[in-house]
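Here is the structure we will look at, set down as structure tokens.
Order of the sequence lines fixes the chain letters, A, B, ..., with proteins taken first and strands second; residue numbering starts at 1 for each chain. Only heavy atoms go into these numbers, but all of them, side chains included; no hydrogens, no water, no symmetry mates.
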Amino acid sequence: MPENNEITLPSNFIKKIIDDDLLTNKWGGRVNTRFPPEPNGYLHIGHAKSICLNFGLANEFKGLCNLRFDDTNPSKEETEYVESIMEDVHWLGFDWQDRCYYASDYFDKLYDYAVQLIKDGKAYVCDLSADEMRETRGTLTEPGQNSPFRNRTVEENLDLFERMKKGEFEDGAKTLRAKIDMTSGNLNMRDPVIYRILKVDHHRTGDKWCIYPMYDFTHCLSDSIEHITHSICTLEFEDHRPLYDWFLDELGVYHPQQIEFARLNLSYTLMSKRKLLALVEEKIVSGWDDPRMPTICGLRRRGYTPESIRDFAERIGVAKKDSTVDFAFLEHCIREDLNKHVHRVMGVLNPLKVVIDNYPDDLIEEVEAINNPEDLSMGTRILPFSKVIYIEKDDFMIDPPKKYYRLAPGREVRLRYAYYIKCVDFVKDDDTGEIKEVHCTYDPETKGGSSPDGRKVQGTIHWVSAAHCVDAEIRLYDHLFNTENPGEGDYKQYLNPNSLEVVDAKVEPMLENAEPSSRWQFERVGYFCADSKDTQPGKPVFNRTVTLKDTWAKIVKKG
RNA sequence: UGGGGCGUAGCCAAGUGGUAAGGCAUCGGCCUUUGGAGCCGACAUUCGAAGGUUCGAAUCCCUCCGCCCCAGCCA
């Protein structure tokens with residue numbers, strides 16, 4: 001049974017298989033999984049599910065999880081991606097220790113395996129072009145035809161394969177194919193290509209090879225070489241499993257158990273690496289780490305914590321049913337984490353000037369604010385208060401609707417941690433109708449936010465002192481797509497034109513030199529993260545991670 | 001029409017012959033110096049559908065329906 005450290009983790013069908021294997025001693029008590037990305041793009045939240053699953057299983061069952069780059073297609077792979085993948089896996093909180101492998105490390109061994117297959121009469125060199133191969137493969141309902149090269153002798157195949165390796169033939173001129181069954185209902189078994197000629201430099205092996213093994217051949221044998229016990233992959237590889245079984249059994253090598261699960265889909269976003277790459281290349285987003293991207297680095301820059309992503313991955317479960325998780329659930333997970341751990345602060349996104357008429361012109365007072373009501377050990381801080389302050393435009397209305405209980409003519413509200421103020425007047429721009437400033441009086445008896453006479457005020461609003469606040473650029477992010485499933489059809493037509501809104505805000509003094517990547521809750525507004533790249537001492541820039549839940553917005557929406 | 005999978009609430013997801021967990025969302029209410037957080041309550045007479053077996057079925061059998069994946073020298 002798994003050892004539960006602090007909390008009981010939910011079970012799933014994979015854990016049950018492992019429980020069972022441990023009980024029957026199928027793998028001698030070992031559990032060794034692996035996370036096998038191809039370094040051809042940045043990792044996204046879907047990969048996070050797989051990372052958390054594979055490393056999580058290893059942790060839970062006191063086993064190991066390897067990191068292995070499946071780098072068999074040098075035309076698409078780059079070192080930049082290798083580096084970003086390592087950074088992201090580490091950031092998520094997982095460690096492969098000394099077990100970072102590359103399929104390209106196994107190229108020599110893989111070549112030998114291919115030779116062995118040829119010697120056993122189980123593989124042949126085929127001269128068919130890509131088009132010819134497609135034509136003879138058959139269709140979903142019709143069997144394929146045997147290649148005219150299928151019955152070459154072992155000697156001829158050995159010679160040809162060797163010459164392929166030496167670079168005697170052009171790209172695409174020949175392939176090495178497994179000799180299986182051109183009539184199989186499973187297309188993967190119709191003499192699949194296992195080696196192709198590709199005169200391209202590899203990011204790790206340079207120009208050593210001009211033939212590269214295909215994924216199917218490489219992947220199962222890499223797992224075998226690493227003595228993986230549970231080879232966990234996504235559903236689409238379910239019908240590759242018979243091929244893997246064939247390779248492994250024909251070669252008579254160590255045979256891991258493959259288990260397939262459903263990949264993650266998230267509403268309002270895309271998980272296709274190809275489409276994400278297009279968003280980057282076409283500059284629809286600022287890069288792989290644009291805070292609107294579902295990439296790990298995008299979420300990181302947006303302010304998500306590794307804890308929240310791990311929690312999310314654990315809570316969505318693991319099953320074989322195709323599913324799309326509501327983006328709101330990811331937001332729930334990050335709110336839950338940030339609520340407990342993050343420092344609260346005052347920030348006014350859309351400032352409206354408020355003059356407190358009866359407050360002394362030159363007086364500056366200090367009020368004490370709690371840094372985190374969820375964790376009093378985080379202490380308190382001092383906020384400067386003065387005659388002119390900024391409040392949120394939304395927190396004042398000339399003609400408020402019924403349930404509105406913020407500031408309005410004649411109404412009294414509490415300035416959080418400061419004073420009760422009552423609106424006595426306002427100045428409106430005659431041309432635009434815009435409210436320029438609001439005039440209030442304050443009750444000196446209510447310092448700190450409570451009144452000696454015990455009278456109640458409905459609303460509490462946030463504020464900053466005009467003389468002390470600092471300007472901040474704030475980036476308000478929303479879904480990149482305005483439809484739940486942008487993956488269906490042409491995703492570009494669903495781009496949300498309002499996915500980024502930049503606003504000049506006024507924030508409390510302590511944020512003037514906010515550390516890059518520091519996370520904050522702006523009271524009553526949301527969670528924000530100082531941008532890791534653009535924030536500067538004296539010129540802070542914040543990304544909105546997620547809003548706070550807003551029941552007033554709901555009331556407004558309902559009308 | 002071949003092969004491989006999958007159908008439990010709006011969205012995830014437990015349950016594997018003994019009478020439908022939990023979470024998100026939603027809707028009420030309480031509380032509140034964040035309309036935050038928290039708390040309480042509601043939310044599947046039914047498990048894709050129809051038959052059958054059984055004292056008893058989401059679970060077993062049968063038939064049907066729906067959805068996903070596969071025809072790269074991509075992974």
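P143(A) comes within contact range of no nucleotide atom at all, as no heavy-atom separation falls under 4.0 Å. Note on M189(A): nothing from the nucleic acid sits closer than 4.0 angstrom, heavy atoms only. V318(A) comes within 4.0 angstrom of the backbone, heavy atoms only, and of no base. Nucleic acid contact for Y405(A): base, since at least one base atom lies under 4.0 Å from a heavy atom of the residue. Residue A130(A) is in base contact, counting any heavy-atom pair closer than 4.0 Å across all strands shown. Using a 4.0 Å heavy-atom cutoff across all strands shown, F237(A) reaches at least one base atom of the nucleic acid. Residue contacts for E374(A): at a heavy-atom cut-off of 4.0 Å it reaches a base atom on one of the strands shown. Contacts of S184(A) with the nucleic acid, taken as non-hydrogen atoms under 4.0 Å apart, are absent. Contact annotation for I316(A): backbone-only contact, meaning every heavy-atom pair under 4.0 Å involves sugar-phosphate atoms and none involves a base. Within the nucleic acid shown, I555(A) comes within 4.0 Å of at least one base atom, counting heavy atoms only. In this structure, L243(A) reaches neither bases nor backbone, as no heavy-atom distance under 4.0 Å exists between it and the strands shown. Heavy atoms of T551(A) sit under 4.0 angstrom from primed sugar atoms or phosphate atoms, though from no base atom. Using a 4.0 Å heavy-atom cutoff across all strands shown, Q521(A) reaches at least one base atom of the nucleic acid. In this structure, H240(A) reaches the bases: a heavy-atom distance under 4.0 Å links it to at least one base atom across the strands shown.
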Going through the distances and angles, do E366(A) and K447(A) end up as a salt bridge (charged side-chain N to carboxylate O under 4.0 Å, His left out)?
-> CA-CA 10 Å; E366(A) 295 183 330; K447(A) 185 170 183 186; over 6 Å; no

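Taking the six-membered ring wherever Trp is involved, the centroid distance between the rings of W552(A) and Y405(A) does not fall below 6.0 Å. Taking the six-membered ring wherever Trp is involved, the centroid distance between the rings of Y42(A) and Y81(A) falls below 6.0 Å. In this structure, Y113(A) has its ring center no closer than 6.0 Å to that of F217(A).
Nucleotides U26(B) and A37(B) are separated by 11 Å at their P atoms, to the nearest Å. Taking atom P on both C11(B) and G38(B), the two are 25 Å apart, rounded to the nearest angstrom. Between A42(B) and G23(B), the two P atoms lie 12 Å apart (nearest whole Å). Rounded to the nearest Å, the gap between the P atom of G36(B) and that of C30(B) is 13 Å. Between G22(B) and U54(B), the distance separating the two C1' atoms is 31 Å to the nearest Å. On the P atoms, C31(B) is 16 Å away from C39(B), given to the nearest whole Å. For the C1' atom pair drawn from U19(B) and C55(B), the interatomic distance equals 13 Å after rounding to whole Å. Look at the C1' atom in both G28(B) and C68(B): the space between them is 39 Å, to the nearest Å.
Residue R134(A) places at least one side-chain N or O closer than 4.0 Å to OP1 or OP2 of G72(B). In terms of phosphate contacts, H332(A) brings a side-chain nitrogen or oxygen within less than 4.0 Å of OP1 or OP2 of C24(B). Look at K549(A) and you'll find a side-chain N or O under 4.0 angstrom from OP1 or OP2 of A37(B). For R196(A) and C74(B), the shortest distance from a side-chain N or O to OP1 or OP2 is below 4.0 Å. At the phosphate of G28(B), OP1 or OP2 sits under 4.0 Å from a side-chain N or O atom of K558(A). Regarding contacts with the backbone of A14(B), every side-chain N or O of S11(A) stays at 4.0 angstrom or more from both OP1 and OP2. Taking side-chain N and O atoms only, R524(A) has a distance below 4.0 Å to OP1 or OP2 of G35(B). Contact annotation: R137(A) reaches the phosphate of C73(B) (side-chain N/O to OP1 or OP2, under 4.0 Å). Within the structure, a side-chain polar atom (N or O) of T72(A) is placed less than 4.0 Å from OP1 or OP2 of A75(B). For U26(B), one of the phosphate oxygens OP1 or OP2 lies less than 4.0 angstrom from a side-chain nitrogen or oxygen of K554(A). Taking side-chain N and O atoms only, K321(A) has a distance below 4.0 Å to OP1 or OP2 of U8(B).
Nearest heavy-atom pair across G303(A) and T545(A) is CA-OG1, 3.6 Å. Taking every heavy atom of both residues into account, P10(A) and K15(A) meet most closely at O-NZ, 2.7 Å.
Rounded to whole Å, atom P of C12(B) lies 12 Å from atom CZ of F329(A). Atom pair E38(A):CD and A75(B):C1' shows a separation of 5 Å (rounding to whole Å applied). Rounded to whole Å, atom P of C24(B) lies 18 Å from atom CD of E484(A). Summarising the geometry, the separation between CD on E336(A) and C1' on G36(B) is reported as 14 Å, rounded to the nearest angstrom. Distance CG (N186(A)) to P (C70(B)): 13 Å, rounded to an integer number of Å. Between R274(A) atom CZ and G72(B) atom P there is a gap of 16 Å when expressed in whole angstrom units. Spacing between atom CZ of F261(A) and atom C1' of C68(B) amounts to 16 Å, rounded to whole angstrom units. Nucleotide U34(B) holds its P atom 13 Å from the CG atom of L376(A), rounded to whole Å.
Comparing atom distances between the D550(A) side chain and each of C68(B), G4(B), G35(B) picks out G35(B) as nearest. Considering only side-chain atoms of D322(A), the nucleotide from A71(B), C68(B), A75(B) that sits closest is C68(B). Looking at the side chain of L187(A), the nearest of the listed nucleotides A75(B), A71(B), C73(B) is A71(B). Side-chain proximity of N73(A) to U1(B), C74(B), U34(B): nearest is C74(B).
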Give the dot-bracket string for RNA chain B, reading 5' to 3', where a pair is Watson-Crick or G-U wobble with both distances under 3.5 Å, ( ) marks pairs inside the strand, [ ] marks pairs crossing earlier ones, | marks a partner on another strand, and . marks unpaired.
-> .(((((((.[[[..)..(...]]].(((((.......))))).....[[.[[..)....]].]])))))).....

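Using cut-offs of 30° and 60° on the angle between ring planes, the pair H240(A) and F237(A) is perpendicular. Using cut-offs of 30° and 60° for the angle between ring planes, the Y212(A) and H202(A) rings count as parallel. The aromatic rings of H479(A) and Y268(A) lie parallel to each other, their planes meeting at an angle below 30°, with 60° marking the opposite boundary. Relative ring orientation between Y111(A) and F161(A) is described as parallel, the plane-to-plane angle staying below 30° on a 0-90° scale split at 30° and 60°.
Each of D131(A) and S323(A) lies near RNA chain B, and the nucleotide nearest S323(A) is the one positioned closer to the 5' end. In terms of position on RNA chain B, the residue among T460(A) and D326(A) whose nearest nucleotide sits closer to the 5' end is D326(A).
Taking the centre and axis of the six-membered ring of Y102(A), the NZ or CZ atom of R204(A) falls inside the cone set by 45° and 6.0 Å.
Base orientation of G72(B): syn (glycosidic angle within 90° of 0).
Taking a cutoff of 4.0 Å between a charged side-chain nitrogen and a carboxylate oxygen, D131(A) and R134(A) qualify as a salt bridge.
The base of G35(B) sits with one of its N or O atoms less than 3.5 Å from a complementary donor or acceptor on the side chain of R406(A).
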